[in-house]
Number of protein chains: 2
Amino acid sequence: MKFSKATDYALHALVYMIHRDGDTVKIPVQDLSVALNVSTTYLSKVLTRIVKANYITSTSGAKGGYRLQQNWENVSVYDIVVAIDGVQTLFEDSFDHGSECRIQAAMMEAQENLISTLKNKKLKDLTV
Amino acid sequence: MKFSKATDYALHALVYMIHRDGDTVKIPVQDLSVALNVSTTYLSKVLTRIVKANYITSTSGAKGGYRLQQNWENVSVYDIVVAIDGVQTLFEDSFDHGSECRIQAAMMEAQENLISTLKNKKLKDLTV
DNA sequence: CCAATTAAAGATATTATAAGTCTATTATAT
DNA sequence: ATATAATAGACTTATAATATCTTTAATTGG
Ligand code: SF4
Ligand code: SF4
């Protein structure tokens, strides 16, 4: 019952990027690495997943870096969680007697709640 | 972002116990072990935590076993989660710039939601 | 008291996953 | 051509969950 550090890093990196002129500039991982105190290689690996998920873009080479997409305001915290950790099930039924099961149903309901809360939190809300 | 198998086992064991005459009988871990297909030693270790948390009682020796407390109907799923995994934070801020932080606030809100959903799910609801 | 039964405790082992590093490769600007 | 920067993949390390094994303590019934 815990989110990964990678998700934590990603959210912080994004917030940092937003504060640094939103989607208008490219920011090299070096900058982010210093700001968050996380190694460039690891952070780069994390951010690559956000690139793959299309919430930021990247350009290699000199003057390259990461840049937010124009629609960043609408990206939700849940989007980032999924981009990093994949779709997670809060509760992995070790037995699985089918969907009529009340334990599963209860856990599913809790999970749906959690997910919808996170879907309603947009990156914009983290930075106002 | 996942609950432990131990919690899964505990919930299933409790549901099994409820179905077997509620709080009127003592059930040895052997029975539960067979029902859930989990080793007696591990299941015993898990249930010991539920005993410590006072949601069931145990008696050693012949004719011993685990028995639900009379108030079992009011025990929530969250109570069991805490008994097994302890109080968990869904999101461990790697940086922690204080409580005014929006990332933390967003995650906390999601967490509160999740917890309150689980608090509202009573064991009784799992067995009706 | 004795034998059988059952939970608890503690040490240890196993497995799984996350976190992190390192090196090589590819892409870009000047 | 050179410096810069992301990507990929192999690899290591750290951490926690899962599980087993063995010993001890408690309880029953003869
Ligand atoms: S939770 Fe319900 S369905 Fe899943 S194993 Fe337990 S009883 Fe079966
Ligand atoms: S989440 Fe907010 S408080 Fe926590 S580290 Fe990031 S900026 Fe600081």
Side-chain angles (χ1 to χ4, degrees), chain A residues 1-10 12-13 17 25-34 36-68 81 83-95, chain B residues 1-10 12-13 17 25-34 36-68 81 83-95:
Chain A
M1 185 176 165
K2 192 157 287 226
F3 291 102
S4 65
K5 279 193 172 191
T7 296
D8 190 19
Y9 296 158
H12 280 86
M17 290 171 80
V25 289
K26 280 179 275 189
I27 302 180
V29 76
Q30 174 64 23
D31 289 20
L32 297 162
S33 164
V34 169
L36 305 191
N37 196 35
V38 175
S39 78
T40 55
T41 45
Y42 189 54
L43 192 54
S44 171
K45 168 163 290 187
V46 169
L47 290 179
T48 298
R49 300 222 212 176
I50 307 293
V51 172
K52 290 252 174 67
N54 241 287
Y55 302 124
I56 60 179
T57 58
S58 67
T59 45
S60 296
K63 308 276 176 182
Y66 296 99
R67 171 153 51 184
L68 291 161
V81 169
I84 300 292
D85 292 331
V87 175
Q88 294 280 340
T89 42
L90 207 49
F91 188 75
E92 196 86 48
D93 196 315
S94 307
F95 313 100
Chain B
M1 185 176 163
K2 191 156 287 223
F3 290 101
S4 66
K5 280 194 174 191
T7 295
D8 190 19
Y9 295 160
H12 279 85
M17 290 170 80
V25 290
K26 281 178 276 189
I27 302 179
V29 76
Q30 174 64 24
D31 288 22
L32 297 162
S33 165
V34 169
L36 304 191
N37 196 34
V38 176
S39 79
T40 55
T41 45
Y42 189 54
L43 193 53
S44 170
K45 170 161 289 187
V46 169
L47 291 180
T48 297
R49 301 223 211 175
I50 307 293
V51 172
K52 290 252 175 65
N54 240 289
Y55 302 124
I56 61 179
T57 58
S58 67
T59 44
S60 296
K63 308 277 174 182
Y66 296 99
R67 171 154 50 185
L68 292 161
V81 169
I84 300 292
D85 292 330
V87 174
Q88 295 280 339
T89 42
L90 207 48
F91 188 74
E92 197 87 48
D93 195 316
S94 307
F95 313 99

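Not measured: the values here are computed from a predicted model. Convention: sequence-line order gives letters A, B, ...; per-chain numbering from 1.
Between the side chain of B/R67 and the backbone N or O of B/V25, no donor-acceptor pair lies under 3.5 Å. For B/S33 (side chain) and B/V38 (main-chain N/O), a donor-acceptor pair under 3.5 Å exists by modelled atom type.
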Under 3.5 Å between N/O atoms: give me all the protein pairs with nucleotides 16-19 of chain D, atom names plus distance.
unit_1: D/dT18; atom_1: OP1; unit_2: B/K5; atom_2: N; d: 2.8
unit_1: D/dA19; atom_1: OP2; unit_2: B/Y9; atom_2: OH; d: 3.1

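When each of A/T59 and B/S58 is assigned the nucleotide of DNA chain C bearing its nearest heavy atom, the one mapping closer to the 5' terminus is B/S58. For A/T48 and A/A62, each mapped to the nucleotide of DNA chain D holding its nearest heavy atom, the one lying further toward the 5' end belongs to A/A62.
Between the CD1 atom of B/I84 and the OG1 atom of B/T48 there is a distance of 9.5 Å, given to the nearest 0.5 Å. Atom CD1 of B/I56 and atom CG of B/L47 lie 5.0 Å apart (nearest 0.5 Å). Atom CZ of B/R49 sits about 7.5 Å away from atom CG of B/D85, to the nearest 0.5 Å.
Using a 4.0 Å heavy-atom criterion, one finds that A/S44 contacts the bases of the nucleic acid, with or without backbone contacts as well. Using a 4.0 Å heavy-atom distance criterion, A/K26 is classed as making no nucleic acid contact.
For DNA chain C, the span of nucleotides reached by chain B at under 4.0 Å from its heavy atoms goes, 5' to 3', from C/dT5 to C/dA11.
Side chains of A/T41 and A/S44 form no contact here, defined as non-hydrogen atoms less than 4.5 Å apart.
A perpendicular orientation is assigned to the rings of A/Y42 and A/Y9, their planes being inclined by more than 60° (bins at 30° and 60°).
B/Y66 places its OH atom 15 Å from the P atom of D/dA26, with the value rounded to the nearest Å.
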For side-chain hydrogen bond (donor to acceptor under 3.5 Å, both in side chains), just list the numbers for B/S4 and B/T7, CA-CA rounded to whole Å, side-chain angles, deciding distance to a tenth of an Å, and then say yes or no. CA-CA 5 Å; B/S4 66; B/T7 295; 3.1 Å; yes
